[in-house]
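Proteins come first, then strands; the chains are lettered A, B, ... in the order of their sequence lines, and each starts at number 1. Note: hydrogens, waters and symmetry copies are ignored here, and every other heavy atom, side chains too, is used.
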Number of protein chains: 2
Amino acid sequence: MTTAMRLSWKDVRDQIHEAILTGRYMPGDRLPRDADIAEDLNCARSTVQRAMQDLSDSGLVERRRKGGTRVRPDPVTRATLDIPVTRREVEQKGSRYGYQMIRREIKTAPSRVLGVFELAEPQKMLQVEALHLSDGRPYILEDRWICLRTVPEILDVDLAHQSANEWLVLNKPYSRCDLRFYAESADDQTADLLGCGTESALLVIERTTWVEEAPITTVKAITAPGYQLLTRS
Amino acid sequence: MTTAMRLSWKDVRDQIHEAILTGRYMPGDRLPRDADIAEDLNCARSTVQRAMQDLSDSGLVERRRKGGTRVRPDPVTRATLDIPVTRREVEQKGSRYGYQMIRREIKTAPSRVLGVFELAEPQKMLQVEALHLSDGRPYILEDRWICLRTVPEILDVDLAHQSANEWLVLNKPYSRCDLRFYAESADDQTADLLGCGTESALLVIERTTWVEEAPITTVKAITAPGYQLLTRS
DNA sequence: GACAAAATTAAGTAGGCACATAATATTTTT
DNA sequence: AAAAATATTATGTGCCTACTTAATTTTGTC
């Protein structure tokens, strides 16, 4: 033997990935069992297991007990998005962050909001409308509903100076988060607040969070024209 | 001892997660070393390691050798998106899928395309414009460029009957994929093809793929009005 | 042949050990 | 006091073994 440095699970993963890329295994094909691959490559089964888990997480293969591992027959593009706190997002671009509360009101949540929270009975929530600024220019307009039953402390927070976005993310970690992206035309009021033309096409990010079963908040974040979401490299 | 079933790494993960949720550890705080947690919970360090890796992957904590583990001071919302092949997406909704090629042309790629591929020199590529239909109605309009140097076989594919989307995903797995989402107003031609009003706000998904360093394809997928992207539950 | 029970199989997980690696802290040297 | 060498430490990885779990597949029975 010359050198034969031990294979890392990433090496194993890359070799299998490579085999799939070069067509050695096609979508739907079954791969050898972990134990056999391990023997082939002269490494431990646990190393192959970790490699396979990673490929499975990234959506490239499917694994089933007894069924073995196969290349996903219906390939999906699986992407990971990082959505930071807006302040950080702006600062990371090298811009100056600004925040402005527009409205703050306690009222019964409309059915749209109850719907996303999967709630049956109406209840009072805190609605906050606010504008995030980048270098003084409108960046994101958010319309947020906060569940007072789950987060009563929010009433003591000075939302005129600290964004609910930031306070919540630091003080109310969630256990579940649903996201939704779509495009919407600016209505008159939105266009006015974002300083863009009416009917401008805007990317909207809706985010709803829970702790266990309890609703925390739902936000409709309307981004200014030109905003783009990128997958993390 | 009563039962004391062994702790699974998911139990450990959930316990730590819980501790963070309830504020026992705040953003920025350092957590005990894996070994100590393992002793506390009476399990193996490798179990804690797996739990921590998972929390780290999901963006909740940061881990550094010697530095230990700490709760991420700048919490991010990390979400995973699955983008299936369009045909499957339509069929999964219970709709009938349709496909229609609009244009197919070999020409020098414009600088926009060279740009996304990070290519310096101009080269010829295959441009394909096509429409995906759901129950006969326009669903996604795609403008695609395929690199002939990397995928010369595409010239032999009958793109009038099989979508490039599908052929590529089954025959040319990628090793890198960049995604970009934004909103755009429909221009006259787009509005016409998608059967919507001019100036409609449309969600655009741009996807660019490579095998190693070699460009495969870049698509600008313009979705019909009402299209929404959801994170996978 | 149809259905149920039992055996088999391959991935999933827990534990334990040894060592690698990357930060950080400490000590020594200049 | 600054810089360089060294020790320390917590996570990361690999290996091995044993056992669990979920699917099949086989076998047995009616």
Side-chain angles (χ1 to χ4, degrees), chain A residues 1-17 19-20 24-25 27-74 78, chain B residues 1-17 19-20 24-25 27-74 78:
Chain A
M1 281 295 262
T2 44
T3 162
M5 196 192 83
R6 295 211 279 215
L7 283 177
S8 95
W9 66 270
K10 288 181 181 176
D11 296 333
V12 174
R13 177 197 60 188
D14 291 346
Q15 279 193 39
I16 299 168
H17 191 177
I20 296 173
R24 180 145 153 44
Y25 302 109
D29 283 3
R30 181 168 169 182
L31 276 65
R33 340 168 1 220
D34 290 7
D36 291 342
I37 293 182
E39 199 179 356
D40 265 26
L41 301 180
N42 196 36
C43 68
R45 178 167 81 91
S46 55
T47 305
V48 177
Q49 155 79 18
R50 249 183 290 188
M52 286 297 201
Q53 257 314 325
D54 194 64
L55 291 171
S56 173
D57 288 345
S58 69
L60 199 64
V61 303
E62 267 174 351
R63 279 161 79 73
R64 307 172 60 177
R65 287 169 152 139
K66 164 96 189 180
T69 306
R70 54 188 61 222
V71 182
R72 261 186 96 117
D74 57 329
R78 182 163 296 171
Chain B
M1 279 297 257
T2 45
T3 161
M5 198 191 83
R6 296 211 283 220
L7 283 176
S8 95
W9 67 268
K10 287 180 181 175
D11 296 332
V12 174
R13 176 197 59 187
D14 293 345
Q15 279 195 40
I16 300 169
H17 191 178
I20 296 174
R24 179 146 155 43
Y25 303 109
D29 284 3
R30 181 168 169 180
L31 276 67
R33 342 172 354 223
D34 290 7
D36 290 343
I37 293 182
E39 199 177 358
D40 265 26
L41 300 180
N42 194 36
C43 68
R45 179 167 81 90
S46 54
T47 306
V48 177
Q49 154 79 19
R50 249 181 294 186
M52 286 298 201
Q53 258 312 325
D54 194 63
L55 291 171
S56 174
D57 287 346
S58 69
L60 198 65
V61 303
E62 268 173 350
R63 278 161 79 72
R64 307 173 59 178
R65 286 171 153 140
K66 164 99 189 179
T69 305
R70 51 187 62 222
V71 182
R72 261 187 95 116
D74 57 328
R78 184 163 295 171

**Q** Using whole Å, report how far CG of B:D11 lies from C1' of C:dG12.
**A**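 About 14 Å, once rounded to whole Å.
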
**Q** What residues form a side chain to side chain donor-acceptor pair (under 3.5 Å) with A:R72, not counting sequence neighbours?
**A**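 A:R72: no side chain to side chain donor-acceptor pair (under 3.5 Å) contacts found.
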
**Q** A side-chain contact here means heavy atoms from C-beta on lying under 4.5 Å apart; do A:P32 and A:D40 qualify?
**A**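 They are not in contact (no side-chain heavy atoms under 4.5 Å apart), so the answer is no.
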
**Q** Would you list the protein and nucleotides 4-7 of chain C atom pairs, both N or O, that sit under 3.5 Å from each other?
**A**
none

**Q** Check residues 49-59 of chain B and write down every donor-acceptor pair under 3.5 Å in which the side-chain atom is one partner and the other belongs to a residue at least two apart or another chain.
**A**
unit_1 : atom_1 : unit_2 : atom_2 : d
B:Q49  : OE1    : B:R63  : NH2    : 3.1
B:D54  : OD2    : B:R13  : NH1    : 2.8
B:S58  : OG     : B:D54  : O      : 3.4
B:S58  : OG     : B:L55  : O      : 3.1

**Q** The criterion is side chain to side chain contact (heavy atoms under 4.5 Å, CB included); which residues satisfy it with B:R65, sequence neighbours excluded?
**A**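 B:R65 satisfies side chain to side chain contact (heavy atoms under 4.5 Å, CB included) with no residue once adjacent residues are dropped.
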
**Q** Has B:S8 got a side-chain N or O lying under 4.0 Å from the OP1 or OP2 atom of C:dA14?
**A**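 Yes, within the criterion.
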
**Q** Do you know the tightest heavy-atom contact between B:C43 and B:V12?
**A**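 What the structure gives for the nearest pair is SG-CG2, 4.2 Å.
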
**Q** Mind listing the N/O atom pairs, protein and nucleotides 7-11 of chain D, below 3.5 Å?
**A**
unit_1 : atom_1 : unit_2 : atom_2 : d
D:dT9  : O4'    : B:K66  : NZ     : 3.1
D:dA10 : OP2    : B:R33  : NE     : 3.2
D:dA10 : N3     : B:K66  : N      : 3.4
D:dT11 : OP1    : B:D34  : N      : 3.4
D:dT11 : OP1    : B:D34  : OD1    : 3.2
D:dT11 : OP1    : B:T69  : OG1    : 3.4
D:dT11 : OP2    : B:D34  : N      : 2.9
D:dT11 : O2     : B:R65  : NE     : 3.3

**Q** A:R70 has an atom CZ; how far is it from atom P of C:dA10, in whole Å?
**A**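 Spelled out: CZ on A:R70 to P on C:dA10 is 12 Å.
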
**Q** Return the value, rounded to whole Å, for the distance between atom CG of B:N42 and atom P of C:dA14.
**A**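 Taking CG of B:N42 and P of C:dA14, I get 14 Å after rounding.
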
**Q** Quick one: A:I37 CD1 to C:dA10 C1', roughly how many Å, whole number?
**A**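 So the two atoms are 12 Å apart, to the nearest Å.
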
**Q** Without decimals, in angstroms, what is the distance between B:R50 CZ and C:dG16 P?
**A**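 That distance rounds to 13 Å.
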
**Q** Take the protein atom CZ of A:R6 and the nucleotide atom P of D:dT13, then report the distance between them rounded to whole Å.
**A**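 One finds 13 Å between P of D:dT13 and CZ of A:R6, rounded.
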
**Q** Among all residues two or more places apart in sequence or in another chain, which pass the side chain to side chain contact (heavy atoms under 4.5 Å, CB included) test with A:R24?
**A**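 Applying side chain to side chain contact (heavy atoms under 4.5 Å, CB included) to A:R24 gives A:A19, A:T22.
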
**Q** Taking only residues two or more places apart in sequence, or in another chain, which ones meet A:D11 in a side chain to side chain contact (heavy atoms under 4.5 Å, CB included)?
**A**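 Once residues adjacent in sequence are excluded, the partners of A:D11 under the side chain to side chain contact (heavy atoms under 4.5 Å, CB included) criterion are A:L7, A:S8.
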
**Q** Quickly work out the A:E39 CD to C:dA10 C1' distance and round it to whole Å.
**A**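 In whole Å, C:dA10 C1' lies 15 Å from A:E39 CD.
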
**Q** Please name all residues satisfying salt bridge (charged side-chain N to carboxylate O under 4.0 Å, His left out) with B:D36, sequence neighbours left out, ordered by chain then number.
**A**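 With sequence neighbours excluded, B:D36 shows a salt bridge (charged side-chain N to carboxylate O under 4.0 Å, His left out) to B:R33, given in chain and number order.
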
**Q** Of all residues at least two apart in sequence or in a different chain, which pass the salt bridge (charged side-chain N to carboxylate O under 4.0 Å, His left out) check with A:R45?
**A**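 Checked A:R45 against salt bridge (charged side-chain N to carboxylate O under 4.0 Å, His left out); zero matches.
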
**Q** Atom CH2 of A:W9 to atom P of C:dG12: distance rounded to whole Å?
**A**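 Value for this atom pair: 14 Å.
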
**Q** Would you say C:dT13 has OP1 or OP2 under 4.0 Å from some side-chain N or O of B:S46?
**A**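 It does not, given that no N or O in the side chain of B:S46 lies less than 4.0 Å from OP1 or OP2 of C:dT13.
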
